[in-house]
Amino acid sequence: MDILAELNPAQKEAVEAIEGPVLILAGPGSGKTRVIAHRVAYLIKVCGVSPHRIMAVTFTNKAAREMEERLQRLIGRALGDLTIGTFHAICARILRRDGRATGVDPRFVIYDDEDQISLLKRSIQEIGLDPKQYAPRALGSAISAAKSCTSTPTEYSKHTTSYFEEVVGRVYERYQQLLEESNALDFDDLLMKTVQLFRASPETLAKYQSRYLHIMVDEFQDTNVVQYELIKQLGGERHNVCVVGDPDQSIYSWRFADLRNILSFEKDFPEAKLVLLEQNYRSTKLILETASHVISVNQLRKPKALWTENEPGELTNIVETYTEQEEAQFVVSEIERLVEGGKAKLGDCAVMYRTNAQSRALEEAFMRYGIAYKLVAGTRFYERREVKDIIAYLRVIQNPNDSVSLLRIINVPGRGIGQQSQSQLASWAKSQGVSQYEALKLIAEAKDDEESQPPFNSRLVRVLSGFVEMMEEFIARSRESNLVALFDLVVKKIGYEEYLMSGENGEERWENVLELRTVARDYRHLEPGEGLSAFLEGVTLVSDVDGLDETVDAATLVTLHQAKGLEFPVVFIVGVEEGILPHYKSLDDPGQMEEERRLCYVGITRAKQRVYLVHAFRRSLMGSSMVSTASRFLDDIPKNLVASSGLWEREESQVAPSLYPRGKARRAPAPSSDVPELKAGDRVHHAQFGDGVVVNCRPLKDDTEVMVAFKRGVGVKRLLLSFANLEKRK
DNA sequence: CGAAAGGCTCTTTTT
DNA sequence: GAGCCTTTCG
């Protein structure tokens, strides 16, 4: 098979440019994944480069898997040990192998978001601050930002410019100490420590530099500074670095992805070859045009000349519904209509949304209609309590210093080691200068020796010893048994099934444990220790889309972020409203607003045939009902590209003429002489409901109906102006 | 010690 | 509406 056949001239140019740096700017649907795959295949098959000497970085594990499959088809034989995966997975592998040079113990565990928050809380408390006053999440984000520029606690603290930053510096320092004591790395550490390793150990760097002749990076627009640094380190003198990206699809700046990497690339590699992929093979002309109108409003971008030879296709559907329930219902019934009419298969349809919370109404509608769907994240499997409990046991077995996991399981299932006992244990461990697990071992050893008893009562000594003896048994077994045998032993010994069954949703939760066991089975052929470690790494570094199964014929529900890199014949984007898309947190920041717009652009450009942009008039948010207005992004789509419909009549359909209680209305004071003139946007005060904002005014026969959005818990009320006694506020 | 109940605060997006 | 924390009681 000729690897260059079937490629257009620009794609061919990108594939053949194998010497020196290459920057590929690729519009949506322009075949960039294809280019990467063909480029790797070209290197191996035509240029005779060993797969061993190629690294390809993808954004998700799923993308890596697909790339591998594609390559196998292209090359027609096994790949050998090509390095392909996410930055995080690749770095974890490097650190396990060579991390010692920078002080990383190869048995490290990786802390996910939840573990990180819990450790941050502890750090905040330990330096004498209140986690309620200093939100762990906010501090975590600041620390993550620091790590994204490989700034150590000491370096960070040198350059603080505010009290908040000073606090961040202190928390960062303690947090990092605790991580080290726990022999744990967080996601950012995986990247940062690898860069530090390469800085600290030129021999290690040289080893990797001489191995990797060619490096390729997908989704380059979403890399951060450390990731870029890593690419530069590995690229070494050779500069055989090929990066592929699209600035218009940069949607991870909140994770400190830095678009400037693209500019820096051209500066750091002045000899870089630039390739533009502008022909779109995915979408209809009208979809591409719609998307272009949305994105072209952004100021901070370089215009692109995207084009397609595809059919014009259908107009973009803009639909307004009354509530989010109706919105979900519309989506599901429209999908049903398309499927029944033979216009699409169920699996062709995707529903995309800005926030995870929006999936709820959709799921309910899918279930009510009995239509199959797959939810990409949901309450993510690996974040479920029962799943994390078992993982925590396995983590402590691999690495007893993992304090976050130890604290999680020490009293789960309950064995009488409550808060009180735990802090006793913690302070004793500290006084002895040992880790908590080591303290437990000391207690167990000393329990029959009257002399060296730690200051605990005999009951506590008994339960603590019992716990640590059990864990020691697990650890011993982990050296000789395969992962599944170990898994079964742990679950049985701690009585986890009985524990779950006695609680709520026991059956469902037990099923999740069994599901985790089937994941573990994939690792049972590995050597005992290796299987455990690979399993733990796998379950921590999974991404949500990794679980997406294309072979199942069901509609897909994803966030817009997760949708990056996917494509579907039919795309619904729901909640296209001010405050949702764009998200309200972005409303006052032009830079963030541009990112929201890119997010919308990413969504639209996922579609091959049909796009629906749906918004609701009312939506429950954080418990109370709010009135929503159509997203500003919809205004930027010319009318001639749009087929719009409202599924509810603003003038007639609504509830009762007035929500104002009748009895009360009669007793209410007579219309006052100076009824204020109100218009949408005015702030008002109501004696009973408090402060609110006028959402809408509608003239009636001899009165005005005003819709007012009140504060939390009250929601939107429909009032008669003459009776409501509204006070206009400035 | 632990279960239950009530009160609080927030919620973007995720490797 | 949910998850987390605190309080209270057995």
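On a predicted model such as this, the values are computed, not experimentally measured, just so you know. Sequence lines set the chain letters: A, B, ... in the order given, protein chains first and strands last, and positions in each chain run from 1.
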Item to complete: Have a look at A/Lys121 and say if it touches a base, only the backbone sugar-phosphate, or nothing, with a 4.0 Å heavy-atom cut-off.
Response: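 Sugar-phosphate: the residue A/Lys121, judged by heavy atoms under 4.0 Å, touches backbone atoms but no base.
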Item to complete: Have a look at A/Gln592 and say if it touches a base, only the backbone sugar-phosphate, or nothing, with a 4.0 Å heavy-atom cut-off.
Response: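 Base contact.
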Which of these nucleotides, [options], is closest to any side-chain atom of [X]?
X: A/Phe187; options: B/dT15, B/dT11, C/dC5; value: B/dT15
X: A/Tyr584; options: B/dT14, B/dT11, C/dC4; value: B/dT11
X: A/His583; options: B/dT13, B/dT11, C/dC5; value: B/dT11

Worksheet item: Does one side chain, of A/Tyr601 or A/Asn298, offer a donor that lies under 3.5 Å from an acceptor on the other?
Response: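 Their side chains do not contain a donor-acceptor pair, so the 3.5 Å distance test is not met.
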Does a nitrogen or oxygen in the side chain of [X] sit under 4.0 Å from OP1 or OP2 of [N]?
X: A/Asn411; N: B/dG2; value: yes
X: A/Thr559; N: B/dT14; value: yes
X: A/Arg385; N: C/dG3; value: no
X: A/Asn356; N: B/dT13; value: yes
X: A/Gln419; N: B/dC1; value: no
X: A/Lys564; N: B/dT14; value: no
X: A/Ser421; N: B/dC1; value: yes

Worksheet item: Does the side-chain ring of A/Trp254 lie flat on the base of B/dT13, meaning centres under 5.5 Å and planes less than 30 degrees apart?
Response: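 Stacked: centres under 5.5 Å apart, planes under 30°.
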Cationic N near anionic O, under 4.0 Å, [X] to [Y]:
X: A/Glu364; Y: A/Arg368; result: no
X: A/Arg618; Y: A/Glu577; result: no
X: A/Arg384; Y: A/Asp389; result: no
X: A/Asp222; Y: A/Arg255; result: no
X: A/Glu327; Y: A/Arg619; result: yes

Practice prompt. Hey, which sits more toward the 5' end of DNA chain B by its nearest nucleotide, A/Tyr252 or A/Gly414?
Written response: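 The residue mapped nearer the 5' terminus is A/Gly414.
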Discussion item. Pick the closest DNA chain B nucleotide for A/Lys585 and for A/Gln420 by heavy atoms, then say which residue is nearer the 5' end.
Written reply: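 Upstream on the strand: A/Gln420.
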Worksheet entry | Spacing of the P atoms in B/dT13 and C/dC4 (rounded, Å) |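 Here C/dC4 and B/dT13 have their P atoms 15 Å from each other.
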Whole-Å distance separating the [atom1] atom of [X] from the [atom2] atom of [N]:
X: A/Lys132; N: B/dC8; atom1: NZ; atom2: C1'; answer: 8 Å
X: A/Leu464; N: B/dC1; atom1: CG; atom2: C1'; answer: 14 Å
X: A/Asp222; N: B/dT15; atom1: CG; atom2: P; answer: 12 Å

Worksheet entry | Step-by-step side-chain hydrogen bond (donor to acceptor under 3.5 Å, both in side chains) determination, A/Gln249 to A/Asp246 | CA-CA 5 Å; A/Gln249 294 184 62; A/Asp246 178 3; 2.8 Å; yes
Worksheet entry | NZ or CZ of A/Lys564 within 45° of A/Phe59 ring axis and under 6.0 Å |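 Pair A/Lys564/A/Phe59 counts as cation-pi.
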Practice prompt. Would you sort out whether A/Leu464 and A/Phe467 count as a side chain to side chain contact (heavy atoms under 4.5 Å, CB included), showing the intermediate values?
Written response: CA-CA 5 Å; A/Leu464 290 177; A/Phe467 173 71; 5.7 Å; no
Distances for protein N/O vs nucleotides 3-6 of chain B N/O pairs under 3.5 angstrom?
none

Discussion item. side-chain hydrogen bond (donor to acceptor under 3.5 Å, both in side chains), that's the test. Do A/Asn261 and A/Gln221 meet it? Break it down for me.
Written reply: CA-CA 7 Å; A/Asn261 282 349; A/Gln221 76 282 355; over 6 Å; no
Fill in: Residue-level proximity of residues 85-96 of chain A to DNA chain B when a heavy atom falls under 4.0 Å
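Under 4.0 Å from DNA chain B: A/Thr86, A/His88.
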Worksheet item: Considering Watson-Crick and G-U wobble pairs with both distances under 3.5 Å, what does B/dG2 pair with?
Response: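 By the stated definition (distances under 3.5 Å), C/dC9 pairs with B/dG2.
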